[in-house]
There are 2 protein chains.
Amino acid sequence: MALRHAVLAALLDEELSGYQLAKVFDLGMANFWHALPQQLYAELTRLEKDGLVTGREVVQDTRPNKRLFTVTDAGLVELERFTEAVTKPSAIRDDLLVKVRAADHVGAEALIGQLTERAGFAQAKIDLFEKLLHTMRGGRTEEEFLRYGDRVGPYLTCLRGLAFEQGNRDWCVRAASALRERAACRSRG
Amino acid sequence: MALRHAVLAALLDEELSGYQLAKVFDLGMANFWHALPQQLYAELTRLEKDGLVTGREVVQDTRPNKRLFTVTDAGLVELERFTEAVTKPSAIRDDLLVKVRAADHVGAEALIGQLTERAGFAQAKIDLFEKLLHTMRGGRTEEEFLRYGDRVGPYLTCLRGLAFEQGNRDWCVRAASALRERAACRSRG
DNA sequence: CCGCTCATGTAACAGGTTACATGATTTA
DNA sequence: TAAATCATGTAACCTGTTACATGAGCGG
């Protein structure tokens with residue numbers, strides 16, 4: 001099972017409703033996982049049925065009632081077991097890369113446009129993650145925080161998300177400029 | 001559709017059988033896509049049915065016969081259409097990151113072990129990709145090759161694969177050392 | 001003679017995506 | 001008064017993974 005443990009990990013930090021989880025999940029996972037609300041609702045239901053999370057009803061007068069979920073002891077045990085199990089390495093699986101792979105056989109303009117767009121998107125994420133990291137470590141330096149802070153897990157994963165997006169941005173810029181130069185050479189030659 | 005265009009892109013370089021494709025696909029896609037043989041056979045069948053690739057039977061006496069596939073004109077048109085369509089940004093979706101996210105609530109040893117293992121795995125990929133890039137550009141420098149070489153698509157995607165694995169390695173090393181230091185501090189304090 | 005490579009699949013299942021449904025309340 | 005937010009789902013579909021099947025030749 002896949003999403004299951006990501007949801008458990010997300011609920012370690014705070015008690016959340018399905019709706020709240022749906023809003024913070026993608027960002028909280030710093031880009032390395034994403035899920036639609038329907039998936040999260042379904043997963044929470046399953047997790048509760050299996051006793052790995054508990055939901056408590058919170059009655060609200062002005063808003064619809066909601067259920068807040070917490071990880072149970074059994075949930076922690078399950079996370080522990082999951083952590084010890086072997087991990088398969090991951091792949092990126094990105095359509096944009098498929099497109100670039102075919103770059104020599106398709107029009108360059110569309111590709112350059114998409115690379116530029118993606119670079120901008122990556123930059124936005126970079127800014128976001130940098131702010132997030134800054135907030136998490138408070139006044140401390142990174143070194144200090146990683147040594148003495150509590151809950152470094154989310155910080156470390158956010159670091160990976162940041163590096164990933166920096167990699168994305170740099171590569172997009174490089175690939176776009178390479179394709180542009182080639183187009184220029186061709187029109188001259 | 002997803003795998004479909006990755007297969008088309010892979011067949012642009014060379015005529016391949018399902019079996020050959022299955023062997024070169026993951027590496028040829030430089031880590032950013034992976035597929036099992038069964039998927040590839042099924043996809044080739046569908047692509048041929050839709051007229052995007054053609055298969056020609058090659059009779060072999062000592063080996064079982066095989067079918068070699070080429071991208072058709074319709075396939076190229078489809079790739080062009082695909083390239084112009086909008087691309088959704090990707091996520092990493094990696095179990096190891098989920099585990100690190102939960103680092104503050106589970107045992108550190110298992111995690112450190114897995115991070116170290118993954119760093120090694122990433123390094124192996126890095127070496128592989130660097131060799132591949134070197135071969136692709138022949139005697140030329142990267143600048144030269146990107147400007148005047150034919151087929152830069154596979155080179156550019158391999159560059160992304162390389163950067164991704166470097167990011168993996170660096171992050172794994174950093175996260176592992178951070179967790180080790182914390183463990184050391186705790187045992188002292 | 002045992003296991004590997006060549007060569008191609010089927011079937012069942014798990015996981016993820018798209019589309020749709022409901023209904024109250026607050027904000028522009 | 002129209003749109004967004006809060007809050008929770010169902011159903012159908014598409015994609016990916018796991019397990020299994022077949023059979024000939026080649027190398028140790």
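Naming: A, B, ... by sequence-line order, numbering from 1 per chain.
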Quick one: is Tyr19(B) getting a side-chain N or O under 4.0 Å of the dT8(C) phosphate, OP1 or OP2? no
Sugar-phosphate means primed atoms, P, OP1 and OP2; the rest is base. With that split, encode nucleotides 23-28 of chain C 5' to 3' as B, S or - using protein heavy atoms under 4.0 Å. B-SS--
Atom CG of Leu36(A) and atom P of dA21(C) are separated, to the nearest Å, by 18 Å
Record whether the side chain of Gln38(B) comes under 3.5 Å of the base of dT17(D) through a donor-acceptor pair of N or O atoms. no
Under the salt bridge (charged side-chain N to carboxylate O under 4.0 Å, His left out) rule, what pairs show up with a residue in residues 112-136 of chain B, not counting sequence neighbours? Asp94(B)-Arg118(B)
Rounded distance in Å - CD (Glu43(A)) to C1' (dA14(C)): 11 Å
Parallel, tilted or perpendicular, as decided by the 30° and 60° cut-offs, for the rings of Phe82(A) and His5(A): parallel
When you check the phosphate oxygens OP1 and OP2 of dT18(C), does a side-chain N or O of Lys88(B) lie under 4.0 Å from one of them? yes
Integer-rounded Å distance: dT8(D) P and Arg67(A) CZ: 9 Å
Any side-chain N or O of His34(B) under 4.0 Å from OP1/OP2 of dG16(D)? no
Mind checking if Arg4(B) touches a base, just sugar-phosphate, or nothing, with heavy atoms under 4.0 Å? nothing
Tell me: CD of Gln39(A) to P of dA19(C), nearest whole Å? 15 Å
Are Gln20(B) and dA7(C) close enough that a side-chain N or O sits under 4.0 Å from OP1 or OP2? no
Quick one: is Arg93(A) getting a side-chain N or O under 4.0 Å of the dG16(D) phosphate, OP1 or OP2? yes
Are OP1 or OP2 of dG9(D) and a side-chain N or O of Tyr41(A) less than 4.0 angstrom apart? no
Members sharing Leu68(B)'s hydrophobic cluster (side chains within less than 4.5 Å): Val58(B)
Would one find a side-chain N or O of Lys23(B) under 4.0 angstrom from OP1 or OP2 of dC6(C)? yes
